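Notes to accompany the following structure.
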2 protein chains.
Amino acid sequence: MKKPCNCPHTHPKQELSSLTTRLRREARKITGPRAAILEILHQHRHPLTNKEIHAELPKGECDLATIYRAMQMLEKLGMVKRFDFGDGVARFELVVEGDDGHHHHLICTQCAQVVEIGECFPAEIEHRIARQNGFRAVTHRLEFFGVCPDCQK
Amino acid sequence: MKKPCNCPHTHPKQELSSLTTRLRREARKITGPRAAILEILHQHRHPLTNKEIHAELPKGECDLATIYRAMQMLEKLGMVKRFDFGDGVARFELVVEGDDGHHHHLICTQCAQVVEIGECFPAEIEHRIARQNGFRAVTHRLEFFGVCPDCQK
DNA sequence: TTTTAATTGCAAATCATTTGCAATTAATTG
DNA sequence: CAATTAATTGCAAATGATTTGCAATTAAAA
Ligand SMILES: [Mn+2]
Ligand SMILES: [Mn+2]
Ligand SMILES: [Zn+2]
Ligand SMILES: [Zn+2]
């Protein structure tokens, strides 16, 4: 079980019901495992790994493979955003309807504490990079790493 | 075999001999596999995966596991930099002596073409992010993704 | 309630990466 | 140059995350 975090960041309130509505809209079944997964994601403000989600679920509630499949689908539907902290494990965060979920994190290299970051790579610079190389639809993946206050002691 | 690339970027000239010197300095043996790996890295300007390096080597020349071990060591010695394009495969690039190799790439999501990028995340913003969250020694991982000129046709 | 396509659990398969171990060898030493 | 030794290698097996085949289950539509 992941310990709760009291950081200022919170997911904009969105009823779980609106989440299931989004699923139904895509002709997807609202199953026990899916509702449970959305529930877990909904009560966490930092990205979770599939294994972490699985650990939060009541034992025997849902197979790990089912979670992997659910996250793939939710990602395709744009309901969750996949993040890569460079440790070879995917992490997911719920995305608010209408948003694309693009944002970044600051991760402690010692204890893996995560901080949600509001800043983004400057658009003007990104546009210049795209133009100079003739690329279209350019975006980026960006994560910060450092030593958190606790781990500095 | 990776097709050669004629992009303007080139590795600052550094004799292979200087590379082996760096190895020797660390009390490491200059073996056939290691020399071959450095040679391969030396003639490429974009990061290579272990499998790609292995494919470039004359068949039977060196085991894949040896390449994995060599890259781990070279990374620890700061002679190569590890990059993560988010596809679950590590890539490595030779690092010039005295440099830390920090830089970024623009990758085509269709054909995987790679462009070396000179820009970096603005230091002032990064410092602010570090300060505001009490983090020390903050750095970042950043890669750009888009559709290259060829793949737009 | 029946029908049916979507979903699930479970086990096996993939893939990148790591590791144990015995055989090999670069580098040092005399 | 030959002996000595710790580092290195090849090979096979182990790991860990993620995916997939398939038969059984089930949500949703009729
Ligand atoms: Mn986040
Ligand atoms: Mn590069
Ligand atoms: Zn951004
Ligand atoms: Zn940078």
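The model shown is predicted, which means the values in this text are computed figures rather than measured ones. For the numbers below, each heavy atom of this structure counts, side chains included, while hydrogens, waters and symmetry mates do not. In the text below, chain A, chain B and the rest are named by the order of the sequence lines, each starting its count at 1.
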Value in whole Å for how far the [atom2] atom of [N] lies from [atom1] of [X]:
{"X": "B/His54", "N": "C/dA16", "atom1": "NE2", "atom2": "P", "result": "13 Å"}
{"X": "B/Arg69", "N": "C/dT17", "atom1": "CZ", "atom2": "C1'", "result": "11 Å"}
{"X": "A/Arg28", "N": "C/dA5", "atom1": "CZ", "atom2": "C1'", "result": "12 Å"}
{"X": "B/Ile67", "N": "C/dT17", "atom1": "CD1", "atom2": "C1'", "result": "13 Å"}
{"X": "A/Tyr68", "N": "C/dT14", "atom1": "OH", "atom2": "P", "result": "18 Å"}
{"X": "B/Asp63", "N": "C/dT18", "atom1": "CG", "atom2": "P", "result": "14 Å"}

Check: [X] side chain, [Y] main-chain N or O, donor-acceptor pair, under 3.5 Å:
{"X": "B/Asp87", "Y": "B/Val89", "result": "yes"}
{"X": "A/Glu52", "Y": "A/Thr49", "result": "yes"}
{"X": "A/His42", "Y": "A/Leu38", "result": "no"}
{"X": "B/Arg131", "Y": "B/Ile129", "result": "no"}

**Q.** Residue whose closest nucleotide on DNA chain C lies nearer the 5' end, B/Gly32 versus B/Asp87
**A.** B/Asp87

Q. Between which nucleotides of DNA chain D, read 5' to 3', does contact with chain B run, using atoms under 4.0 Å from its heavy atoms?
A. D/dA6 to D/dC11

Q.
Using a heavy-atom cut-off of 4.0 Å across all strands, would you classify B/Arg34 as base, sugar-phosphate, or nothing?
A. sugar-phosphate

Q.
Heavy atoms only, 4.0 Å cut-off, all strands: where does A/Glu61 land among base, sugar-phosphate and nothing?
A. sugar-phosphate

**Q.** Strand partner of C/dG30, provided both Watson-Crick or wobble distances fall under 3.5 Å
**A.** D/dC1

Q: Assign the ring pair A/Phe121 / B/Phe121 to parallel, tilted or perpendicular, where the plane angle (0 to 90°) is split at 30° and 60°.
A: tilted

Q) Does the ring center of A/His103 lie less than 6.0 Å from the ring center of A/Phe83? A) yes

Contacts table for residues 66-80 of chain B: side-chain donor-acceptor under 3.5 angstrom, sequence neighbours left out:
unit_1	atom_1	unit_2	atom_2	d
B/Glu75	OE1	B/Arg82	NE	3.2
B/Glu75	OE1	B/Arg82	NH2	3.0
B/Glu75	OE2	B/Arg82	NE	3.1

Q. If you pin A/Ile30 and A/Ala65 to their nearest nucleotides in DNA chain D, which one's is more 5'?
A. A/Ala65

